[in-house]
Amino acid sequence: MRWSRYFLYTSKEDPADAEAPSHRLLLKAGFIKQVSAGIYEILPAGWRVLKKIENTVREEMDKSGAQELLLTVLNPAELWKETGRWDTYGSELFRLKDRNEREYCLGPTHEEEITDLVRKYVHSYRQLPLILYQIQVKFRDEKRPRFGLIRGREFLMKDAYSFDRDEESAKMSYESMKYTYERIFKKLNLETVTAQASVGQIGGSYSHEFIAFTEYGEARVGFCKECGYAANAEIIPLKQILHSAEKEKPIKKVPTPGVKTIEELSNFLGIPPEKIMKAVLYITNENKPLLVLIRGDREVDENKLEAVLGTDEFRLAQDDEVRHILKTEKGFIGIFNLPPHVEVLWDNSLYGVKNLVVALNEPDYHYINVNPGRDFTYGDFVDIAEVKAGDPCPQCSKPLEVKKGLEVGHIFLLGTRYSEPMRAYFTDSDGKEKAFVMGCYGIGISRIMAALVDQHHDEKGIKWPLSVAPFELEILCLNMSDEAIRKTAEALYKEALEKNIEVLFDDREETAGFKFADADLIGIPYRIVVGKKVKEGRVEIQERNTGNKQDIPISNAISYVLKLIGKEK
RNA sequence: CGGGGUGUAGCUCAGGUGGUAGAGCGUCGGCUUUGGGAGCCGAAGGUCGCAGGUUCAAGUCCUGCCACCCCGACCA
């Protein structure tokens, strides 16, 4: 491809509205163009990358025995009503009507449609197991689209669905997908960890997430280098820990005027946060107050709280609610003088802590040296603390590491969550009618492109791994008006094409510096620089990833590149 | 959906106290230049997010709306 004719337009300025590196660089390099919030056009160079990602996914899925098909974007409402998700999916579902007032949605995922399809054709255990998949644009009206391709409202996804005769066989399908996913991410040069995950809204019995490490991810993973355990932080259990037998000191009321936060209180009293009881007031769905108690150095993980309460219908109390219910101010909430209708939950972190600092629901005062048994009695203990680095691994108790990451794949063992309500049955070998045991498996194709940029870039631009690069080779002609240089570059371009190298030829009438800057930005792994060394019969080979440069005779250049990209036999 | 921010040329931005719009980059024409975002000369390019209002006069003041970005609860 000649750049002078290519629909690839880079920008010298950083785009104003992009913060994440992947977002900024993909826009700046001219790979994507924003149309509206969370909706992007994929431009030719970006599309080349996306197709490579897609093909890698496709190759491995096919190898696993899964079969590709294409479902519809426009889904009839009836199917969604069968599973109840027409009502429960909420405003994230793009809904529309046709000219006859029939209701449709733009498919955000395809459990309903695939189950409908399979129930029409598969009636016997002899046709199982079965895995079908598609690569298609998905639509989700996200509350908050973010970071360009990382969270879009329209995005490319690979979704697969497995159908098995029983749980045991379904687990085998699940395991084979898990293995396939790990191979895919490895091939794509995307560093991921396979983490146990919560099943969330989709339902089912168990689930894994594939998390790519990046600063701009929205997930937190805890993992253990010792035993290999890894899980989304929101499901890692934290147990009660017995504390050393400290001597109980006499309880004392101390003035703490205007001291509001745990940090201020800790500094004011000279007592570490580990010995302060933090109390957080929530309001539950029935407008009931719920007081959550946790150690001062800990945060409440609202995902865990949701799991404990069995609902996400709760929120933090407002300042005036705190005043009204507890007759105190934020910062002075405690367990003493509690109105009887306030429900209380104790986080495991508080268990056994002695000589605590506790507020008493009276502004500007705290008790110090408060002790369990003597000064108060425990209520119900639950696990609602956010996991931090250094917390014990639930498997081997060694300290965990915690990192931020981006969910690029998620697999679920669904069971009969969809097949049962949709009456998707087959006849088993015992002659009995049974519901399919299903699994579903997603990979965010366009999100992977963003994750790859996040993992492979520097201050100058993108450094595409060869496996997904839009081109394998870029030829830079540094001076188009110099006859000898131009002819050499043209000849090398022709030779590269003949050898089936994916090559971008920068034949634009621009200066050398301009072309180098652009080359760094768009991140093609290898380049041949054709400049004044042509007089000495040489060109320069550069590697974007390592920055390595070396001169080479013109006649050897292409065969050297072939070796680099592994196409040489 | 709450909180914060921003909308002016293709892009990045500047435009005290109201007086009819500017720069750099990019684009077009010309000359010079060519190994790390070149120089000079000339030109084109705007419903100042939208709608009202105040005023002799609004990019600027007032009201309402919209869009986009960022921070919090969901997801690939």
Side-chain angles (χ1 to χ4, degrees), chain A residues 9-20 23-24 27-28 30 33-39 57 89-92 108-109 135-160 181 197-198 200-202 207 209-212 216-219 232 234 301-303 305-306 312-316 318 406-412 440-451 460-461 476-482 485-486 508-521 529-534 539-540 542 549 551:
Chain A
Y9 304 104
T10 58
S11 155
K12 190 174 171 178
E13 302 282 350
D14 276 341
D17 286 332
E19 207 145 282
H23 190 199
R24 178 168 51 81
L27 283 170
K28 197 176 176 186
K33 178 75 185 161
Q34 180 168 29
V35 173
S36 72
I39 303 180
V57 171
Y89 213 95
S91 47
E92 214 171 273
T109 175
I135 295 173
Q136 193 198 42
V137 175
K138 296 280 185 282
F139 297 87
R140 293 183 192 174
D141 198 357
E142 294 280 351
K143 287 172 207 158
R144 180 141 118 79
R146 232 195 287 223
F147 302 140
L149 259 31
I150 285 180
R151 179 195 293 256
R153 295 194 294 168
E154 174 179 328
F155 57 97
L156 201 56
M157 177 171 161
K158 190 272 335 177
D159 48 322
Y181 273 34
S198 104
Q201 306 279 25
I202 292 200
S207 163
E209 285 170 334
F210 299 80
I211 309 281
Y216 283 81
E218 299 168 298
N232 191 311
E234 69 195 39
D301 185 330
E302 294 192 351
N303 291 299
L305 185 56
E306 180 184 334
D312 62 351
E313 301 268 313
F314 58 84
R315 58 178 176 81
L316 277 172
Q318 311 276 336
L406 180 64
E407 183 186 343
V408 288
H410 201 160
I411 60 179
F412 299 86
C440 73
Y441 316 90
I443 288 184
I445 303 278
S446 38
R447 183 180 274 185
I448 284 175
M449 180 152 94
K460 289 178 176 174
L476 282 73
C477 178
L478 294 190
N479 187 348
M480 289 299 287
S481 16
D482 183 305
I485 293 175
R486 204 193 75 232
R508 297 173 301 172
E509 302 279 353
E510 296 289 353
T511 57
F514 188 95
K515 292 189 178 186
F516 280 124
D518 260 357
D520 290 337
L521 178 60
V529 179
V530 187
K532 52 190 170 195
K533 289 172 192 162
V534 162
V539 290
E540 190 172 296
Q542 297 186 349
K549 303 171 179 181
D551 288 350

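Every chain is numbered from 1, with letters handed out A, B, ... down the list of sequences.
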Colleague: For B/rU55, what is the paired nucleotide under Watson-Crick or G-U wobble rules, both distances under 3.5 Å?
Modeller: none
Colleague: Over all strands shown, is A/Asp159 touching base, sugar-phosphate only, or nothing at heavy-atom distances under 4.0 angstrom?
Modeller: nothing
Colleague: I need the single residue from A/Lys138, A/Gln136, A/Lys158 that forms a side-chain contact (heavy atoms from CB on, under 4.5 Å) with A/Ile445. Which is it?
Modeller: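 Exactly one pass, corresponding to A/Lys158.
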Colleague: Whether the side chain of A/Glu510 and the base of B/rG37 hold a donor-acceptor pair under 3.5 Å is what I'd like checked.
Modeller: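 Answer no: no donor N or O sits under 3.5 Å from an acceptor.
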Colleague: What nucleic acid atoms does A/Ser446 come within less than 4.0 Å of, heavy atoms only: base, sugar-phosphate, or nothing?
Modeller: nothing
Colleague: Hunt down the Watson-Crick or G-U wobble partner of B/rC13, both distances under 3.5 Å, from any strand shown, or write none.
Modeller: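 Pairing partner: B/rG22.
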Colleague: Spell out yes or no: do the side chain of A/Arg447 and the base of B/rC75 have one donor N/O and one acceptor N/O closer than 3.5 Å?
Modeller: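 Under the 3.5 Å cut-off, the side chain and the base do form a donor-acceptor pair.
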Colleague: Using atom C1' in both nucleotides, what's the gap between B/rA57 and B/rU17 to the nearest angstrom?
Modeller: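 It works out to 16 Å between them.
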Colleague: I'd like to check, for A/Phe516, whether its ring lies over the base of B/rG37 with centroids under 5.5 Å apart and a plane angle smaller than 30°.
Modeller: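 A/Phe516 ring does not meet the centre or angle cut-off for B/rG37; no stack.
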Colleague: Rounded to the nearest angstrom, tell me the gap between atom CD in A/Glu92 and atom P in B/rC74.
Modeller: 12 Å
Colleague: Taking B/rC31 as the reference, what is the distance to B/rG18 when you measure between their C1' atoms (whole Å, please)?
Modeller: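 My reading of the C1' atoms in B/rG18 and B/rC31 gives 45 Å.
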Colleague: Looking at B/rG7, which nucleotide sits across from it as a Watson-Crick or G-U wobble partner, both distances under 3.5 angstrom, or is there none?
Modeller: B/rC66
Colleague: Could you identify the nucleotide paired to B/rU27, looking across every strand shown and requiring Watson-Crick or G-U wobble geometry with both distances under 3.5 Å?
Modeller: B/rA43
Colleague: Provide, to the nearest angstrom, the distance between the CD atom belonging to A/Glu234 and the P atom belonging to B/rC75.
Modeller: 8 Å
Colleague: Report yes if a side-chain nitrogen or oxygen of A/Arg24 is closer than 4.0 Å to either non-bridging phosphate oxygen (OP1 or OP2) of B/rU12; otherwise report no.
Modeller: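 For B/rU12, OP1/OP2 do not have a side-chain N/O of A/Arg24 under 4.0 Å.
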Colleague: Classify the side chain of A/Arg151 versus the base of B/rC74 as yes if they form a donor-acceptor pair under 3.5 Å and no if they do not.
Modeller: yes
Colleague: With both distances under 3.5 Å as the test, what is the Watson-Crick or G-U wobble partner of B/rC1?
Modeller: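 B/rG72 is the nucleotide pairing with B/rC1.
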Colleague: What protein N or O atoms touch nucleotides 39-45 of chain B N or O atoms at under 3.5 angstrom, if any, and at what distances?
Modeller:
none

Colleague: Rounded off to whole Å, could you give me the CG-to-C1' distance for the A/Leu316 and B/rC1 pair?
Modeller: 15 Å
Colleague: Need one value for A/Gly531: base, sugar-phosphate or nothing, where a base atom within 4.0 Å counts as base even if backbone is also close, heavy atoms only.
Modeller: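 If one applies the 4.0 Å heavy-atom cut-off, A/Gly531 turns out to touch a base.
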Colleague: Quick one: label A/Tyr89 by what it contacts on the DNA or RNA (base, sugar-phosphate, nothing), any heavy atom closer than 4.0 Å.
Modeller: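 The answer is nothing, as A/Tyr89 stays clear of every strand by at least 4.0 Å.
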Colleague: What does B/rG35 pair with, Watson-Crick or G-U, if both distances are under 3.5 Å?
Modeller: none
Colleague: Looking only at side-chain N and O atoms, does A/Thr511 come under 4.0 Å of OP1 or OP2 in B/rA38?
Modeller: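 So the side-chain polar atoms of A/Thr511 do come within 4.0 Å of the phosphate oxygens OP1 or OP2 of B/rA38, strictly under.
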Colleague: Pick the P atom in B/rU60 and in B/rA9, then give their distance to the nearest Å.
Modeller: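 Approximately 15 Å lies between the P atom of B/rU60 and that of B/rA9.
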